Amino acid sequence: LSLGVVAVLGRSQHPDAMAYLRDAFETQPERRMMLAMGMAQAPGGDNWPVLVSAFPVLEGPAAVEVAVKLQGVDQSPEEPEAVRQAILMGLRLGEDGAPHVISLLEKWTDQQLGNPEDTWKEQLPQWQEWFASTYPDSPPATLPKPPEGSRWTEATLLEYLDSDDGHSGQSQRGAEIFAKAQCVKCHRCGGTGEGIGPDLSNVMRRFQTKEVVQSVLYPSQVISDQYSSKTVITDDGRTFTGILGAAGADSVVVLQSNGEKVTLEKDAIEEVVASPKSAMPEKLFDDLSLEEIADLFAYLRAGDSQQRSAQRQN
């Protein structure tokens, strides 16, 4: 029934229907694929940036539908991340839709790589090379791989978290796991923790479980500009890599991947350069059992209500 309602709203192309679908896309992350298909029936205007932002979560027919419909819009992204995500979407689709993504890339960039008769398997590597040479400061357009020796795979975690056991986590225990996994050193959730990294209080209302799992397993795959990692080189030759924050008028603090903070005087800094690696450490789930991970996700789901409760008490 839900899918049918979205289909009817999409076919209507009515502005009010599109506004409803955009709002639902932001507030109901687990339904984003079907909502993107509905918005794709009117892919221009305010729907365009939302559809482009959906690339990381689109799969199968929904990804193909969006890629095809966007080709009819005379608009191209200004930021390289959208192009990168299109290449990644093509790699995920493979035989089931990569040619449609390649057509979209050609329209966006006014580029045609290789020969027209080349297969998608031959063309996508050329797009990866083109992206690397055109945007050398961006993360490469390669599908994520877990670090060697990782305890948990994405498939294992998603299967467990979607099971009855995965939904039976306890938020009270999750608060302890939030500290055990060192999340508390960088992130705030429900009024607890540091605020240098993104606030996780409402993360489960804004992202799919899959997106949250991927962000932990592959922290350097997508890095927000606001929380991009920097390497700071001091005038005495020391280097520190992490997220930069203000520490008064004359100092900065560097939050490193191990959770440690270093405060540096601005006058002692010789150079600051962008780092392609996230400040968040890899293998954060490796020391946790599946039950503990379920508890952690229960805590994250409860974070928004905990934050509101803390605000009322203050």
Side-chain angles (χ1 to χ4, degrees), residues 1-3 6 24-36 54-63 88-89 92 143-193 197-222 259 278 280-310:
L1 178 61
S2 177
L3 179 60
V6 171
F25 184 90
E26 294 298 327
T27 59
Q28 302 174 38
E30 300 297 338
R31 300 177 63 210
R32 280 181 177 161
M33 281 210 288
M34 77 166 70
L35 293 165
F55 282 9
V57 300
L58 293 181
E59 298 175 351
L88 296 179
M89 188 167 70
R92 293 196 305 271
L143 291 175
K145 294 181 180 179
E148 186 176 352
S150 293
R151 181 180 182 183
W152 304 116
T153 66
E154 179 183 339
T156 298
L157 291 176
L158 292 178
E159 181 180 1
Y160 181 79
L161 290 171
D162 193 43
S163 69
D164 291 340
D165 288 339
H167 283 284
S168 62
Q170 300 296 314
S171 62
Q172 295 90 340
R173 295 198 302 259
E176 299 175 5
I177 305 304
F178 192 71
K180 175 182 176 180
Q182 300 190 47
C183 309
V184 71
K185 291 186 176 181
C186 308
H187 302 282
R188 180 176 288 114
C189 184
T192 299
D199 192 322
L200 303 183
S201 298
N202 63 353
V203 66
M204 300 307 296
R205 291 199 300 120
R206 296 173 52 234
F207 298 101
Q208 297 179 0
T209 299
K210 178 179 180 179
E211 294 176 271
V212 178
V213 168
Q214 289 178 339
S215 70
V216 178
L217 292 182
Y218 324 118
S220 297
Q221 184 67 8
V222 178
S278 170
M280 188 164 75
E282 298 178 334
K283 300 184 179 182
L284 278 177
F285 284 155
D286 278 18
D287 293 332
L288 304 180
S289 66
L290 289 175
E291 292 78 10
E292 288 176 321
I293 294 172
D295 291 339
L296 177 60
F297 272 78
Y299 177 69
L300 293 176
R301 292 188 186 96
D304 190 41
S305 59
Q306 293 169 357
Q307 185 183 50
R308 290 197 298 268
S309 176

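Keep in mind the model is a prediction, meaning the values are calculated, not measured. Computation of the quantities below employed the complete heavy-atom set of this structure, encompassing side-chain atoms and omitting hydrogens, waters and symmetry-equivalent molecules.
Using a 4.5 Å cut-off on side-chain heavy atoms (C-beta onward), Q214 and P144 make no contact. Looking at heavy atoms from C-beta onward, D162 lies out of side-chain contact with T209 at the 4.5 angstrom threshold. You'll find the side chain of H187 stays beyond 4.5 Å of the side chain of L300, heavy atoms only. Taking 4.5 Å as the limit, some side-chain heavy atom of M204 sits within range of a side-chain heavy atom of V212. Between M34 and S2, the closest side-chain pair of non-hydrogen atoms falls below 4.5 Å. Counting heavy atoms from C-beta outward, D295 and F178 have side chains that stay 4.5 Å or more apart. At a threshold of 4.5 Å between non-hydrogen side-chain atoms, the residues L88 and F55 do not count as touching. Between V57 and F207 there is no side-chain heavy-atom pair separated by less than 4.5 Å.
Within a 6.0 Å radius of CD in E30, more than 12 heavy atoms belonging to other residues, nucleotides or ligands are found.
Ion pairing of R32 with E211 is present here, as a side-chain N (NZ or NE/NH1/NH2) and a carboxylate O approach within less than 4.0 Å. We find that R151 and D286 are not joined by a salt bridge, their nearest charged nitrogen and carboxylate oxygen being 4.0 Å or further apart. Salt bridge present: K180 and E292 bring a charged side-chain N and a carboxylate O closer than 4.0 Å.
Side-chain atoms of E154 and Y218 form a donor-acceptor pair, as typed in the model, at a separation below 3.5 Å. Judged purely by distance below 3.5 Å, without hydrogens or angles, the side chains of R31 and Q28 pair a donor atom with an acceptor atom. D165 and S163 share no side-chain donor-acceptor pair at under 3.5 Å.
Summarising the geometry of M89 relative to L58, their closest heavy-atom pair is SD-CB, 4.0 Å, with the distance given to 0.1 Å.
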Side chain to side chain contact (heavy atoms under 4.5 Å, CB included) assessment of L217 paired with L284: CA-CA 8 Å; L217 292 182; L284 278 177; over 6 Å; no
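Annotation: side chain to side chain contact (heavy atoms under 4.5 Å, CB included) contacts of E291 (sequence neighbours excluded): Y160, S289. K283 meets the salt bridge (charged side-chain N to carboxylate O under 4.0 Å, His left out) test with no other residue; sequence neighbours excluded.
In this structure, CD1 on I177 lies 11.5 Å from OH on Y299, to the nearest 0.5 angstrom.
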